[in-house]
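Worksheet for the structure shown next.
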Amino acid sequence: MEKNNIDIKLTQEILSLDICSAFVGADDVGGIVSFVGTVRNQTKGKSVLKLDFEAYEPMAISEMRKIGEQVLLKFEIKKIAIHHRTGTLKVGEVPVIITASSAHRKAAFEACQFAIDTLKETVPIWKKEIFEDGEIWVSATP
Amino acid sequence: MEKNNIDIKLTQEILSLDICSAFVGADDVGGIVSFVGTVRNQTKGKSVLKLDFEAYEPMAISEMRKIGEQVLLKFEIKKIAIHHRTGTLKVGEVPVIITASSAHRKAAFEACQFAIDTLKETVPIWKKEIFEDGEIWVSATP
Amino acid sequence: MKVKLLSFGITKEMVGGFEKNMELPSGTSVESFLEILKKEFPALKKLTSLRVAVNEEYVEGSHEIMERDEIVLVPPVSGG
Amino acid sequence: MKVKLLSFGITKEMVGGFEKNMELPSGTSVESFLEILKKEFPALKKLTSLRVAVNEEYVEGSHEIMERDEIVLVPPVSGG
């Protein structure tokens, strides 16, 4: 597998859909599917002020890369970019962008969905939701 | 259904993923899924020089709007943008962008995929592939 | 009765022009209209599919064409 | 043997700190290690799940911890 078909980034900086799209584009690509996660203003009816994202960085990067490699093996895609942000994010800001390109669109849809589903299961990144009256680590306790 | 949740555009101008993303974004959105179609450099092994897109404009716009309305009824999404370009496009250029936003990502993936699948079946737009040694209306004859 | 026929994509080439004014017997159905058209332009029979829109809406074969309708030939679409 | 324990997210609060140097009997499995840890920090039992990574890879309960390993507590992840 050519490693330059995978672009992984873990950063405190603002993510760019343009950069992800440009990375996966190519003359033999017929479709590009992107998932852009955004911070919602509420969880279970409670107003969210902001989110804090914390990562175990070296392992988060290696797990994101594994997802990229798995996706390239599993689906007929050309390239994939997986970018994740850490630090404090406000409502409407973007913690994650995943972009996949393929000759035929179905593979790009499946790859992008698989990648975000897997990221949410395996990549060691944690978010704390901060409300007006407290805070909670998401999904940590029942 | 609120009509301002649907943005339809049929134009000769370059399409913008940023404009589509900005339209579907909102504070109660958790995910945005986009499909960007791009002109591929080949079809069945033959080199494509460019594509000509022709539309029956008033009906194309009304069929695109119907897809938007159908998608809002069928899936739990917040907003959808469907933009299509006409005229002559070179390899790598973008004939179509569909962007859908939702509170939970699954609906946006399904909506976006349904919208592009339906667009390719119902919207009266035709493309002619231009090769070095001829041209062909796509899918017209067996 | 007078109707207007618009042809797009490959059908424009098959019927030899984008816009044609036609004279039809009143009460003509879309199905009969297509039969008349295929007799005059046999190339249309080569299409993978051929739908018809009247006044910007897809219609069934049984649909009755009316005076001054705008009839559009819709060969297989290929947008996106 | 000496190992380093790193704790992220909610586990950092449950064990009272990000980094701890610990002394373990040689041959300790990840499973036994978790038992020792849960005895010392009972709050860990409240987690929906608790995985362990050693030297940046997830490991099974039967995995044997080695001298100078970097052990990381992975409570339910919630990236994206």
Side-chain angles (χ1 to χ4, degrees), chain B residues 8-11 15 35-40 43 48 51-67 82-87 89 93-98 112-129 134-142, chain C residues 2-22 30-31 33-35 37-80:
Chain B
I8 302 298
K9 195 194 261 181
L10 186 67
T11 175
L15 304 182
F35 175 76
V36 176
T38 52
V39 174
R40 269 201 303 155
T43 297
V48 172
L51 292 185
D52 271 353
F53 285 86
E54 179 178 314
Y56 174 29
E57 295 196 5
M59 185 173 163
I61 289 169
S62 81
E63 289 293 324
M64 285 159 76
R65 180 162 292 280
K66 279 183 197 169
I67 294 172
I82 305 178
H83 290 193
H84 205 296
R85 198 173 155 193
T86 55
L89 275 74
E93 290 197 290
V94 173
V96 64
I97 299 179
I98 298 181
C112 196
Q113 197 159 10
F114 177 89
I116 180 65
D117 288 351
T118 308
L119 181 147
K120 284 172 177 272
E121 283 170 13
T122 65
V123 177
I125 297 177
W126 299 270
K127 64 176 165 235
K128 190 160 64 171
E129 287 173 334
E135 51 185 52
I136 190 172
W137 286 101
V138 175
S139 306
T141 51
Chain C
K2 290 178 195 312
V3 299
K4 188 166 75 174
L5 175 68
L6 300 183
S7 304
F8 288 89
I10 197 171
T11 57
K12 190 172 46 185
E13 299 164 8
M14 289 172 162
V15 307
F18 170 59
E19 184 171 337
K20 285 183 188 294
N21 292 305
M22 296 181 72
V30 165
E31 205 167 16
F33 172 71
L34 280 178
E35 275 169 36
L37 217 58
K38 285 177 182 169
K39 210 162 285 173
E40 193 173 344
F41 307 105
L44 290 171
K45 295 180 194 164
K46 285 188 282 186
L47 292 169
T48 316
S49 78
L50 179 58
R51 279 178 288 182
V52 171
V54 173
N55 305 330
E56 302 177 14
E57 294 283 342
Y58 287 114
V59 292
E60 302 289 315
S62 59
H63 181 88
E64 192 180 309
I65 294 170
M66 312 292 276
E67 174 92 29
R68 299 194 193 288
D69 272 352
E70 179 182 272
I71 307 173
V72 173
L73 295 183
V74 183
V77 300
S78 50

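Residue numbering restarts at 1 for every chain, and letters A, B, ... go by the order of the sequence lines.
Interatomic distance, B/Met59 CE to C/Glu57 CD, rounded to the nearest 0.5 Å: 6.5 Å.
Each of B/Pro58, B/Gly37, B/Ala55, B/Pro124 has some count of heavy-atom pairs under 4.5 Å with chain C, and the biggest count is that of B/Pro58. Chosen from B/Val94, B/Thr141, B/Val96, the residue pairing most often with chain C at heavy-atom distances under 4.5 Å is B/Thr141.
Using cut-offs of 30° and 60° for the angle between ring planes, the C/Phe8 and B/Tyr56 rings count as tilted.
The main-chain N or O of C/Ile10 is never found under 3.5 Å from a side-chain atom of B/Lys128 such that the two would form a donor-acceptor pair.
C/Lys45 does not touch chain B: none of its heavy atoms, backbone or side chain, sits under 4.5 Å away. Both the backbone and the side chain of B/Val138 come within contact range of chain C, judged by heavy atoms closer than 4.5 Å. Residue contact with chain C, scored on non-hydrogen atoms closer than 4.5 Å, involves the side chain of B/Trp137 exclusively. Proximity to chain C (any heavy atom under 4.5 Å) is shown, for B/Ala60, by neither the backbone nor the side chain. With a 4.5 Å cut-off on non-hydrogen atoms, C/Leu6 touches chain B through its side chain but not through its backbone. Of the two parts of C/Val74, the backbone and the side chain both hold a non-hydrogen atom closer than 4.5 Å to a non-hydrogen atom of chain B. Proximity to chain C is limited to the backbone of B/Glu121, based on heavy atoms less than 4.5 angstrom apart. Residue contact with chain C, scored on non-hydrogen atoms closer than 4.5 Å, involves the side chain of B/Pro95 exclusively.
Residues C/Val77 and B/Thr122 approach most closely at CG2-N, 4.1 Å, considering heavy atoms. Scanning both residues, B/Glu54 and C/Gly9, for their nearest heavy atoms gives OE2-N, 2.9 Å. Between C/Ser78 and B/Phe53, the shortest heavy-atom distance links the atoms O-CE2, 4.2 Å. For the pair B/Lys120 and C/Gly80, the tightest heavy-atom approach, listed with the atom from each and the gap, is NZ-C, 3.8 Å.
Counting heavy atoms of neighbouring residues, nucleotides and ligands inside a 6.0 Å radius, atom CD of C/Glu19 exceeds 12 of them. More than 12 non-hydrogen atoms from other residues, nucleotides or ligands lie less than 6.0 angstrom from CD of C/Glu13. Counting non-hydrogen atoms of other residues, nucleotides and ligands closer than 6.0 Å to NZ of C/Lys20 gives a total above 12.
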